[in-house]
There are 2 protein chains.
Amino acid sequence: MVDVARRAGVATVTVSRVLHEADKVAPATRARVEAAIAELGYLPNLVARSLVAARTGMVAALIPTIDNSLHAEMIQGMDERCAAAGLHLLIGCTAFSLEVEERMLRAFLSRQPEAVYLTGSNHSPATRTMLKASRVPVVEVASLPELPIDMVAGYSSFHAAGTVLRHLIERGYRRIGYVHSPIGVNDRLVERHRAYLETLAAAGLETPEAWRFESELGMAGGGRALARLRQQAPELDAVFCSTDVLAVGVLLECLRQGISVPGELAVAGFDDLPIAAEIVPALTTVRIPRRRMGEVAAGLILRRLGGEAVAEPVVDLGFELQVRASA
Amino acid sequence: MVDVARRAGVATVTVSRVLHEADKVAPATRARVEAAIAELGYLPNLVARSLVAARTGMVAALIPTIDNSLHAEMIQGMDERCAAAGLHLLIGCTAFSLEVEERMLRAFLSRQPEAVYLTGSNHSPATRTMLKASRVPVVEVASLPELPIDMVAGYSSFHAAGTVLRHLIERGYRRIGYVHSPIGVNDRLVERHRAYLETLAAAGLETPEAWRFESELGMAGGGRALARLRQQAPELDAVFCSTDVLAVGVLLECLRQGISVPGELAVAGFDDLPIAAEIVPALTTVRIPRRRMGEVAAGLILRRLGGEAVAEPVVDLGFELQVRASA
DNA sequence: TGGCTTTATGGTAGCGTTTCCATCGCCGCT
DNA sequence: AGCGGCGATGGAAACGCTACCATAAAGCCA
């Protein structure tokens, strides 16, 4: 900046003004400064600016993993909105661990982000304390926490799963199994599990343990899960899967084993991934507004940063049952 | 920090030392300072530290979109390695636009990242100039550029696609079509297209325009592409797809239309997504070491930042033909 | 024409850290 | 006992920028 100022024959403060203040600088001077900037290829140092302005223009986002299309899409929606507003995303992966989340958050907060994007509603006490103390706007995405830290852009996994299950029941299925990935600290999976037990119970249906199966992650896991589940519970007439990835795995295993869907076994999923509509038979599932959640999260943050009081800090984006051929 | 210092009855510089210098502070003093830090919930301001240390601990990563499992996995590998070294990722999406990439890079460079992760080898002249001028370590990931900006962790789309195509030829297919997504500025797709034309030509096979089809993005696009391609070129005995997403779409469309694969039509893809091994029939494709590329990219950066001269700055991670049932 | 406002620019003081150098005891050696 | 040296701590400057106030020049009106 000193170099630019010298070259343009002005003070550094004038360079700064050319960069930020629209009409505070005479056209001739402005032209000279801009020429100097171009000639030197000068890029302002945002670290210094952040220090004095106490605004970094960064948003910290903590997600379980990036290579999960659900979170990737949410972040994509978030990023598009944020980028348009000049906010950049600092992304960290927690690997589904509250300890990692806490550690990463501590590190991220040191960078003075202007807002924090958190996945789900399950966070360690220290995480909550730090966030409250930091007075940074926070959005929890993908759940509807009972005690939100601050703002929320989510949906109810409990109700969404319940809706799918009620659909199965309406269709006449009575022996409904459940295939799910390891639950861990994932509150969405906790809710879906609860929905499975409670919705079937409410309909007077059984949910013996043998009808549930904890699968490995990934599509192949779904296939293996189905094979095992058919051994331990051949009486099942339907399977609900905690995510479409598993459901597609199940569907493909059925295809390989020649099990007719939905005749012999109905299958339903959760998420409505793009493949759900394409696979044969097309998968009955529930659509989660993943991209929209990211966009809404960004919107909440931007409004708050703009100084607006956000009247409705908890936004329920809902879900949409997708009835297709598989159930 | 002033508060912590006052509470512990020391100078700020001592607080700083407690934070960073292992043995430069008396145990008793250190304990007092640490107590004060804990009591006040003090988090150091990394912005200020970055300013004076001229080290931000951030790496800027520019990828086309986050919601693309390929890039997501590369970034995942990158992030894991970086996070372990205390480097945080600043992520931006270029939406497959060189202009956007240039604009985002300019913004990111202002944040003084310690390294830059770039996707592919196709960048605007201004982008290249800025990077050279900034003297920041750069890794280009996923291609093998003819004129690397700096370091590279990639593979040859040309050779990988060529290998798949030669496999088709060996299997006896002679009328091989090509379904690909819009090429735009994506150098990987340019290379695959060139591989299609040159590999078949080298084998003395035809590649009339009617055998090529530019599909929409996404799995559904693959399905529609197949339908159209079968109309305009019913004579095809095999189809090569520029990505597994399209190939799976093609496969599912075949399933729906009752086209037997590979009997009536062989199908091959590119990427080896998890679904490739699961779908029926399993997809012949080529495995790209996506996660590994991210890890290697991180490794290159870390070595460079550690002051090591990187002897082999261009790493070719290769690829692996996966022969399965579909071709 | 003189005082007033307005416009254009500059000087200086931080922002919260770390780096560099100085200071102060205290230990051990002769 | 005196001196060199070392370990522990502090003071002040600096990192690159912007906020705030000051100043100078230029316009304006009666």
Side-chain angles (χ1 to χ4, degrees), chain A residues 1-37 40-58 86 106-114 133-136, chain B residues 1-37 40-58 86 106-114 133-136:
Chain A
M1 194 161 192
V2 175
D3 296 341
V4 173
R6 194 168 12 233
R7 184 164 194 122
V10 297
T12 58
V13 70
T14 301
V15 177
S16 173
R17 269 194 279 257
V18 167
L19 258 26
H20 307 295
E21 277 153 294
D23 299 323
K24 289 284 187 181
V25 119
T29 317
R30 148 161 264 125
R32 253 184 311 139
V33 171
E34 277 168 352
I37 288 178
L40 295 174
Y42 165 76
L43 288 178
N45 183 327
L46 258 180
V47 175
R49 181 187 306 181
S50 299
L51 184 59
V52 48
R55 293 198 54 237
T56 54
M58 294 196 306
R106 197 184 313 278
F108 276 10
L109 283 180
S110 280
R111 297 194 180 274
Q112 319 290 118
E114 298 195 33
S134 73
R135 316 188 137 282
V136 167
Chain B
M1 194 163 193
V2 175
D3 296 341
V4 173
R6 191 163 19 225
R7 184 163 194 125
V10 298
T12 59
V13 69
T14 302
V15 177
S16 173
R17 269 194 280 256
V18 167
L19 259 25
H20 306 294
E21 277 153 293
D23 299 322
K24 288 287 187 180
V25 119
T29 317
R30 150 163 261 125
R32 254 184 310 141
V33 172
E34 277 168 351
I37 288 178
L40 295 174
Y42 164 76
L43 288 178
N45 183 326
L46 259 179
V47 176
R49 181 187 304 178
S50 299
L51 182 60
V52 48
R55 292 198 53 237
T56 55
M58 295 197 306
R106 196 184 315 276
F108 277 9
L109 283 179
S110 279
R111 296 194 180 276
Q112 318 289 119
E114 297 195 33
S134 72
R135 317 187 137 283
V136 167

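Side chains included, hydrogens not; waters and symmetry mates left out as well; all remaining heavy atoms used. Order of the sequence lines sets the chain letters (A, B, ...), proteins ahead of strands, with each chain counted from 1.
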(message) Based on the rotation axes of five pairs at each end, what angle does the helix from C:dT1-D:dA30 to C:dT30-D:dA1 bend through, to 10°?
(response) 40°
For residues 45-56 of chain B, which side-chain N or O atoms pair as donor and acceptor with protein atoms under 3.5 Å away, sequence neighbours left out?
| residue | atom | partner | partner atom | Å |
| --- | --- | --- | --- | --- |
| B:Asn45 | OD1 | B:Val47 | N | 2.8 |
| B:Asn45 | OD1 | B:Ala48 | N | 3.1 |
| B:Arg49 | NH2 | B:His20 | NE2 | 3.2 |
| B:Ser50 | OG | B:Leu46 | O | 2.6 |
| B:Ser50 | OG | B:Arg55 | O | 3.4 |
| B:Arg55 | NE | B:Glu114 | OE1 | 3.4 |
| B:Arg55 | NH2 | B:Glu114 | OE1 | 3.4 |
| B:Arg55 | NH2 | B:Glu114 | OE2 | 3.3 |
| B:Thr56 | OG1 | B:Met58 | N | 3.4 |
| B:Thr56 | OG1 | B:Gln112 | O | 2.7 |

(request) Determine the minimum heavy-atom distance between A:Ala8 and A:Ala36, stating which atoms define it. (result) CB-CB, 4.1 Å
(message) What residues from residues 28-37 of chain A pass a heavy-atom cutoff of under 4.0 Å to DNA chain D?
(response) none
(message) With side-chain contact (heavy atoms from CB on, under 4.5 Å) as the test, pick out the partner of A:Val15 among A:Val2, A:Val25, A:Val33.
(response) A:Val33
(request) Give the first and the last nucleotide of DNA chain C, reading 5' to 3', that has any atom under 4.0 Å from a heavy atom of chain A. (result) C:dA8 to C:dG16
(request) Would you indicate whether the side-chain heavy atoms of B:Phe108 and B:Val136 approach each other to under 4.5 Å? (result) no
(request) Quick one: list whatever passes side chain to side chain donor-acceptor pair (under 3.5 Å) with B:Arg32, sequence neighbours left out. (result) none
(request) List the protein contact pattern of nucleotides 12-27 of chain D with one symbol per nucleotide (5' to 3'): B for base contact, S for sugar-phosphate-only contact, - for none; contact means a heavy-atom distance under 4.0 Å. (result) ---BBBSB--------
(message) Please report the interatomic distance OG1(A:Thr29) to CZ(A:Arg17), rounded to the nearest 0.5 Å.
(response) 10.5 Å
(message) Let me confirm one number: the CZ-CD1 distance from A:Arg30 to A:Ile37, rounded to the nearest 0.5 Å.
(response) 9.0 Å
(request) Hey, could you give me the CZ/OG1 distance between B:Arg6 and B:Thr12, rounded to the nearest 0.5 Å? (result) 11.0 Å
